[in-house]
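Any value given below was found using the heavy atoms of this structure, including those in side chains, with hydrogens, waters and symmetry copies removed. Naming convention: chains lettered A, B, ... in sequence-line order (proteins, then strands); numbering from 1 in each chain.
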4 protein chains.
Amino acid sequence: MRSETQTVDQSRPSFIEQARRAQIIDCAIEAIAELGFAQASLAQIAKRAGVSTGVTLYYFSGKDELIRAVAAHVFRTGEAFIRPRVDAQEGPAGALATFISASVAFIAEKPALPRAMMNIMRAGVDQGGGPRFDPGITAARREGFESILAWGQREGVFRPFDVRVMAATIIEVLDFIPSRLALEPDLDLTAYAAELVELFRRATRADDPAKE
Amino acid sequence: MRSETQTVDQSRPSFIEQARRAQIIDCAIEAIAELGFAQASLAQIAKRAGVSTGVTLYYFSGKDELIRAVAAHVFRTGEAFIRPRVDAQEGPAGALATFISASVAFIAEKPALPRAMMNIMRAGVDQGGGPRFDPGITAARREGFESILAWGQREGVFRPFDVRVMAATIIEVLDFIPSRLALEPDLDLTAYAAELVELFRRATRADDPAKE
Amino acid sequence: MRSETQTVDQSRPSFIEQARRAQIIDCAIEAIAELGFAQASLAQIAKRAGVSTGVTLYYFSGKDELIRAVAAHVFRTGEAFIRPRVDAQEGPAGALATFISASVAFIAEKPALPRAMMNIMRAGVDQGGGPRFDPGITAARREGFESILAWGQREGVFRPFDVRVMAATIIEVLDFIPSRLALEPDLDLTAYAAELVELFRRATRADDPAKE
Amino acid sequence: MRSETQTVDQSRPSFIEQARRAQIIDCAIEAIAELGFAQASLAQIAKRAGVSTGVTLYYFSGKDELIRAVAAHVFRTGEAFIRPRVDAQEGPAGALATFISASVAFIAEKPALPRAMMNIMRAGVDQGGGPRFDPGITAARREGFESILAWGQREGVFRPFDVRVMAATIIEVLDFIPSRLALEPDLDLTAYAAELVELFRRATRADDPAKE
DNA sequence: TATGAATGAGTATTCATTCAT
DNA sequence: CATGAATGAATACTCATTCAT
């Protein structure tokens, strides 16, 4: 991951290396969330970290790698927050509701992270149209979430919708919230979450609710 | 409409002016849809139009005006496609379903337009997070759409959800489709539309379906 | 004077040509006085004249020629205003005082002209340091004025100062007034003129005032 | 002092930074004095310094800051040259004469500096006509000089002229010299200074020279 | 490890000028 | 005569990246 032109211990990252990387990633998140992707230059990020621009490129081979590291960090942090809560649910309906409400809770708790993530995903578009900084994150999220929906369908709790469409839809709706929140900082996220939970409960539930 | 520093805007735009503006707008749409907003420089756009950069700035006073012209063009085109179909519906449930399916049909017919629009809206945010190139478009769409939902609630056809959340959710889901389509060009949009229609039919309908 | 690549009657300027040139020169003066030399583009000037940029370059071979024509026009207009008044004086002391007060009166009457002239002279510097747009104007003014001073010295009315230094000094002091006026529009020019007249009366008069 | 988008301004500027800034300021003075303000582009200045354009913008946040730094440098240098000589004078008449002769001596010693200053002051006017790059310099000079004149009037050594007009006139006459010198490099500045000293001695002295 | 100096490619924009019509 | 379309060079400025120290 390190710059190939520099000579650094290749085997295991030192403590200081880990710390520096984490610090730079944090500042990058802050800068990207506040200024938007385009304005978040390496100089800006380094300045926030209180280091020189060169340091950033010592620990990351280029801006792309830094951004990818940011994306991965946000993903892992969100995963660590949301997954345990979802896994604690016994049924698919509860898992779905929890996925939604936990996602919103994560946004409420650390809004800079998903906001930075959104800015990255939206700005960074491959010339083919694919995301430039997405190390399989989108796919991983969607697949994980699709398994909940498939589970619900197998159990007869969910109606027979197209799992991929439903998963993509729900994820997109959640990903949209940080933008909304930026424009409307006073947004009542708890109420918002409740609306979404109800919306998708109705959108997914089987016609015969007996089993639920 | 021409750059004020170049020439006088006499009476009405000439044929060649209209043609050039349209051509440049088309190339801008193409470039923004393909490369993303940040990479779509004036040079890129002019190159696609086969003219020098200066020409672009002869017909548009600056990049901002060009982008706003693109946004307005996309909005008008979409409106002209979707609105008549929606207005032809007699009830709110039909109007909602038609809004969704007509939106998807528009995307299927001219995918570059909504894709460019999305890239503009997502990338072009001022530092407060508000849209820079949005001449009331987002608000106009949402309000127009909210009136359908409110109508359905008054008629008792829709359940009493939060109209603003539901409207924002549906619009965002539709806006997301162009990105998806860019990644999966073989996506079956007809089926996708049918899924969404059903999803939001269930999400919005009143518990007592007698009235529908 | 016309563009050499165009075919126009070379012998004598038509009425319309004279009118157009005069009109363009007037608008150029206006633009240069208002906006400063750097901001007074051909497009701006043409716009004020209500014609296309091309027209300007039809009547003047380039911007340089236009500017030179402006300078010449301002000089001729000033000359026509000031010279008769000065020539009406019988003695050198009166001529000097009149030169100063008439110059100030000219500035008061048509401030745009000397203001434009100043903007031109100050901005347009040859890379050798010489004025780019000065068709002998500065020299003509100074020489004409020097003759007044020399006259006064011959008559014994003026003391034996260096004529060139004195002439340059007085002219420069007068040329400076338009800038001052731009910053202080309420400047009392009559009082200003009186101060200058007295200043240079004392600076030039012979020690033995008997002869005056 | 460095560009804020590049690096953090830590404690005090390094030696190399000071040297580079000084070098760039020197080259800017040279370019502005030779080519005039409008032609002295950042590219030109950087070229003279033998560095890339970017370097200039690494040490100065923009052209404005560079120009202001140039103006300040010229002012400080001139002040350091002229003020001690003036302050050493005991009476207002001597102070006035010294101000004039020291100013000319400064021009003779470092002609590029006042010449660049003039080009900056004359060209760089905002649209109201006010100076863009003047960090109070003009005002400071005039007020400092006016105090000499007022002192002379209080002492009865100078006649009761309008102090502001006289101060502006003398300063303008001095500021005009560098332009003159550029056109006439062989100008005898010592004689020029003597002429001006005598000119303004006579213009300012009280009618009753008893007190002098 | 870390810095700061330096670069070069790229950005939007301005403007005098040319030329076909 | 006059227009408006088009160009190309120049301008200030940004930024990821390289590199000597």
Student: Using heavy atoms to find the nearest nucleotide of DNA chain F for C/R20 and D/Q44 separately, return the residue whose nucleotide is more 5′.
Tutor: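 First, find each residue's nearest nucleotide; the 5'-ward one identifies C/R20.
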
Student: Hey, are the side chains of B/K63 and B/T56 touching, using non-hydrogen atoms and a 4.5 Å cut-off?
Tutor: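 B/K63 vs B/T56: side chains apart.
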
Student: Tell me which residues in residues 47-56 of chain D lie within less than 4.0 Å of DNA chain E, going by non-hydrogen atoms.
Tutor: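 Of all residues in residues 47-56 of chain D, the ones placing a heavy atom under 4.0 Å from DNA chain E are D/V51, D/S52, D/G54, D/V55.
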
Student: Which nucleotide, E/dT17, E/dA12, E/dA2, lies nearest any side-chain atom of C/L57?
Tutor: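 The closest nucleotide is E/dT17.
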
Student: Before you tell me yes or no, could you show the steps for A/L42 and A/L66 under side chain to side chain contact (heavy atoms under 4.5 Å, CB included), namely the whole-Å CA-CA distance, both residues' side-chain angles and the distance that decides it to 0.1 Å?
Tutor: CA-CA 9 Å; A/L42 289 185; A/L66 168 59; 3.8 Å; yes

Student: Ignoring hydrogens, what is the shortest heavy-atom contact between C/A112 and C/A33? Give both atom names and the distance.
Tutor: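 So the two residues come closest at O-CB, 3.6 Å.
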
Student: Starting from P on F/dC13, measure out to CD on D/E65 and report it in whole angstrom.
Tutor: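 Result: 10 Å.
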
Student: For B/E34, run the side-chain hydrogen bond (donor to acceptor under 3.5 Å, both in side chains) check against B/R48, B/Q39, B/R115 and tell me which one passes.
Tutor: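 Exactly one candidate clears the test, B/R48.
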
Student: Is it the case that D/R21 and D/Q18 place a side-chain donor and acceptor less than 3.5 Å from each other?
Tutor: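 Short answer, no.
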
Student: Whole Å only: how far is the OH atom of A/Y59 from the P atom of F/dT17?
Tutor: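 The answer, rounded to whole Å, is 18 Å.
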
Student: E/dC15 C1' sits how many Å from C/I67 CD1, rounded?
Tutor: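 Taking atom C1' of E/dC15 as the reference, CD1 of C/I67 is at 13 Å.
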
Student: Starting at OH of C/Y58 and ending at P of F/dG4, how long is that distance when rounded to a whole Å?
Tutor: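 Answer to the nearest Å: 17 Å.
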
Student: What heavy-atom pair brings C/G36 and C/N119 nearest, and what distance separates the two atoms?
Tutor: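 It is CA-ND2, 3.8 Å.
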
Student: Could you tell me if the side chain of B/I137 sits less than 4.5 Å from the side chain of B/D134, heavy atoms only?
Tutor: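 Yes - at least one pair of side-chain heavy atoms lies under 4.5 Å apart.
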
Student: For DNA chain F, what string of dots and brackets results from 5' to 3' when Watson-Crick and G-U pairs need both distances under 3.5 Å, crossing pairs get [ ], and pairs with another strand get |?
Tutor: .||||||||||||||||||||

Student: Check the phosphate of F/dG4 against B/S14, side-chain N and O only, distance under 4.0 Å to OP1 or OP2. Yes or no?
Tutor: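 No.
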
Student: For A/A38 and for D/A38, locate the closest nucleotide of DNA chain F by heavy-atom distance; then report the residue assigned to the nucleotide nearer the 5' terminus.
Tutor: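 Result of the comparison: D/A38.
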
Student: Rounded to whole Å, please give me the gap between CG in A/L66 and C1' in F/dC15.
Tutor: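 Atom CG in A/L66 sits about 14 Å away from atom C1' in F/dC15.
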
Student: Looking at the side chain of C/S41, which of F/dA5, E/dC15, E/dA2 is the nearest nucleotide?
Tutor: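 Comparing F/dA5, E/dC15, E/dA2 against the side chain of C/S41, the answer is E/dC15.
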
Student: Could you tell me the separation between the CD1 atom of A/I16 and the P atom of E/dT1, rounded to a whole number of Å?
Tutor: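 Checked: the CD1 to P distance equals 6 Å.
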
Student: For A/A31 versus A/I45, what's the shortest heavy-atom pair and its separation?
Tutor: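 Minimum heavy-atom contact is CB-CG1, 3.9 Å.
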
Student: What are the two closest non-hydrogen atoms of B/F60 and B/I24, and how far apart are they?
Tutor: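 In terms of heavy atoms, the two residues are closest at CE1-CG2, 3.7 Å.
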
Student: Do B/F133 and B/V70 have side chains that get closer than 4.5 Å, going by heavy atoms?
Tutor: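 SC-SC contact between B/F133 and B/V70 ruled out.
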
Student: Take atom CD of B/Q18 and atom C1' of F/dA5, then tell me their distance rounded to the nearest Å.
Tutor: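 Those two atoms, CD and C1', are 16 Å apart.
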
Student: Find which nucleotide of DNA chain E each of B/G62 and C/D64 is nearest to by heavy atoms, and output the residue with the more 5' nucleotide.
Tutor: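 Residue closer to the 5' terminus by nearest nucleotide: B/G62.
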
Student: Using atom CZ of D/F60 as one end and atom C1' of F/dT14 as the other, report the distance to the nearest whole Å.
Tutor: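 These atoms are roughly 18 Å apart.
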
Student: Counting heavy atoms from C-beta on, name the nucleotide in E/dT11, E/dT17, F/dA16 closest to the side chain of A/L42.
Tutor: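 Shortest atom-to-atom distance from the side chain points to F/dA16.
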
